[in-house]
Amino acid sequence: MNARRPNLLGGSAPRPDDGTAHGLPIVYAPRGFSAADTQNPRQRAPKAAEVTASRIVDDILEGRVRVGDKLPTEPEMLERYEVSRESLREALRLLEIQGIVDIKRGPGGGPFVAPLNSGYLARTASLYFHLSGATYSELLDTWAALEPTLAERAAKLPSSKAKREMFTPFLEYDTESHVELELFDDFNNFHALIAGLSGNRVLTLVTQAVTHVVAEQVLQRVDPIAERQMLSHSHADVAQAILDGRPSKARKLMTEHILEVSQTYLERDPSAGQRRIDWRL
């Protein structure tokens, strides 16, 4: 059978068994790596640094340290976690790579607890997308599946002063008074604002990660100056539907907006949709 499933952008999605032709195969192994290949099990005991990183995360979650707080001194952590200096420093590097701590150099520096930034999740996700051979058409297809759900959920929220203050700036957004970088940031912040109102932290993080990859690798090729009217009008319509408490309309308008942006991108570079998603550090 050679049938392919049509996607939201009018192209086709590769069959699951096509993965080896363009990238690494995707394996579902919910019981651990060893379930993927019983002949070559990859399960191993966690390293001391990984255990220490997990304990630091536990301390953060238990409220011993909060966002913006500096972690205890190295001697204090060595005593608390009972590990070598090498393992502790490796644990902090692991958390820094994941964006959980921010290590500042110089006097008064050290490891500080950072807020959750879905950009780090996006970086890991883009590596997996890249290795799997996933294309920009697939990325845009996923964006079009996620964003309308968020708009719908935001529209279901009760009307409030805070909600109106969030979306009113987008109702009559003056594109002529902003330069390109400001337009790009404001248009992206509109989507981040909606994601933050989803009421579902998993959905928020996953969507923000996908949107981050779209913004970094796709939207930067859509000239916000040339498309300012289209982008502004679409955002204004979605914002109004959200403020009016019309979930179905918000979903429909967001779907149309995402597809319009995607088509604009693909029309500028017809071959872009079939290119492999980049992994960017």
Side-chain angles (χ1 to χ4, degrees), residues 8-9 61 63 66-68 99 114-122 125 139-216 218-219 222 224-225 227-265:
L8 292 175
L9 299 177
L61 287 176
R66 301 181 184 278
V67 171
L116 289 181
N117 182 345
S118 58
Y120 288 91
L121 179 59
L139 176 67
L140 293 170
D141 191 30
T142 303
W143 190 37
L146 292 172
E147 286 277 359
T149 297
L150 295 180
E152 181 181 44
R153 294 173 74 100
K156 289 180 179 179
L157 293 175
S159 178
S160 66
K161 179 181 178 181
K163 183 178 177 181
R164 182 157 295 278
E165 288 177 347
M166 289 178 185
F167 289 101
T168 296
F170 296 99
L171 297 179
E172 296 182 2
Y173 185 81
D174 183 8
T175 59
E176 299 299 329
S177 65
H178 296 79
V179 298
E180 180 176 351
L181 185 58
E182 291 173 333
L183 288 171
F184 186 80
D185 288 343
D186 287 344
F187 290 154
N188 284 329
N189 287 339
F190 176 75
H191 292 274
L193 178 64
I194 294 176
L197 294 175
S198 74
N200 181 316
R201 285 161 286 200
V202 174
L203 184 59
T204 294
L205 287 167
V206 169
T207 304
Q208 284 187 345
V210 170
T211 304
H212 182 93
V213 180
V214 171
E216 185 180 65
V218 173
L219 297 186
V222 177
I225 297 295
E227 307 296 340
R228 69 171 82 199
Q229 294 303 322
M230 177 266 284
L231 295 170
S232 179
H233 288 161
S234 296
H235 287 176
D237 290 342
V238 173
Q240 189 65 63
I242 290 173
L243 288 174
D244 290 343
R246 303 182 65 180
S248 297
K249 185 173 183 179
R251 169 182 278 276
K252 176 178 179 293
L253 290 172
M254 181 62 86
T255 299
E256 292 173 353
H257 168 55
I258 296 299
L259 294 181
E260 187 172 20
V261 173
S262 300
Q263 292 294 349
T264 299
Y265 166 71

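In what follows, every heavy atom counts, from backbone to side chain, and hydrogens, waters and symmetry copies are set aside. These numbers were taken from a predicted model, which means no experiment stands behind them.
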For [X], all residues meeting side chain to side chain donor-acceptor pair (under 3.5 Å), sequence neighbours excluded:
X	answer
Thr211	Glu147
Thr149	Arg251
Lys249	none
Asp185	none

Minimum heavy-atom distance between [X] and [Y], given as atom pair plus value:
X	Y	value
Ala192	Gln208	O-NE2, 3.8 Å
Ala241	Ala155	O-CB, 4.1 Å
Ala114	Gly99	CB-O, 3.5 Å
Thr207	Leu203	OG1-O, 2.8 Å

TODO: Evaluate side chain to side chain contact (heavy atoms under 4.5 Å, CB included) for His191 paired with His212, printing each intermediate quantity in order.
DONE: CA-CA 10 Å; His191 292 274; His212 182 93; over 6 Å; no
Task: Evaluation steps, side chain to side chain contact (heavy atoms under 4.5 Å, CB included), between Trp143 and Val218 - done: CA-CA 11 Å; Trp143 190 37; Val218 173; 6.0 Å; no
TODO: Answer whether the closest heavy-atom distance between the side chains of Leu171 and Leu243 falls below 4.5 Å.
DONE: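 SC-SC contact between Leu171 and Leu243 confirmed.
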Open item on the list: Any heavy-atom pair between the side chains of Val206 and Val202 that's under 4.5 Å?
Closed with: yes
Taking atom [atom1] of [X] and atom [atom2] of [Y], what is their separation to the nearest 0.5 Å?
X	Y	atom1	atom2	result
Ser262	His257	OG	NE2	9.0 Å
Arg164	Lys161	CZ	NZ	12.5 Å
Thr142	Ile258	OG1	CD1	12.0 Å
Leu140	Gln263	CG	CD	9.0 Å
His235	Asn189	NE2	CG	10.5 Å

Using salt bridge (Lys or Arg N to Asp or Glu O under 4.0 Å) as the criterion, list what pairs up with [X], not counting sequence neighbours.
X	result
Glu216	none
Lys163	none
Arg153	none

Open item on the list: So, using ring pair (Phe, Tyr, Trp, His ring centres under 6.0 Å) as the criterion, who are the partners of Phe167 when residues are at least two apart?
Closed with: none
By side chain to side chain contact (heavy atoms under 4.5 Å, CB included), which residues pair with [X], not counting sequence neighbours?
X	result
Asp237	Leu253
Ala154	Ile194, Leu197, Ile242
Leu121	Leu205, Ala209

Open item on the list: Could you check whether atom CG of Leu193 has more than 12 heavy atoms from other residues, nucleotides or ligands sitting under 6.0 Å from it?
Closed with: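 Counting other residues, nucleotides and ligands, CG of Leu193 exceeds 12 neighbours.
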TODO: Can you tell me which residue pairs pass the ring pair (Phe, Tyr, Trp, His ring centres under 6.0 Å) test with a partner in residues 144-166, sequence neighbours excluded?
DONE: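 Pairs touching residues 144-166 that pass the test: none.
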Open item on the list: Donor-acceptor pair, distance only, cut-off 3.5 Å: does the side chain of Thr204 make one with the backbone of Gly196?
Closed with: no
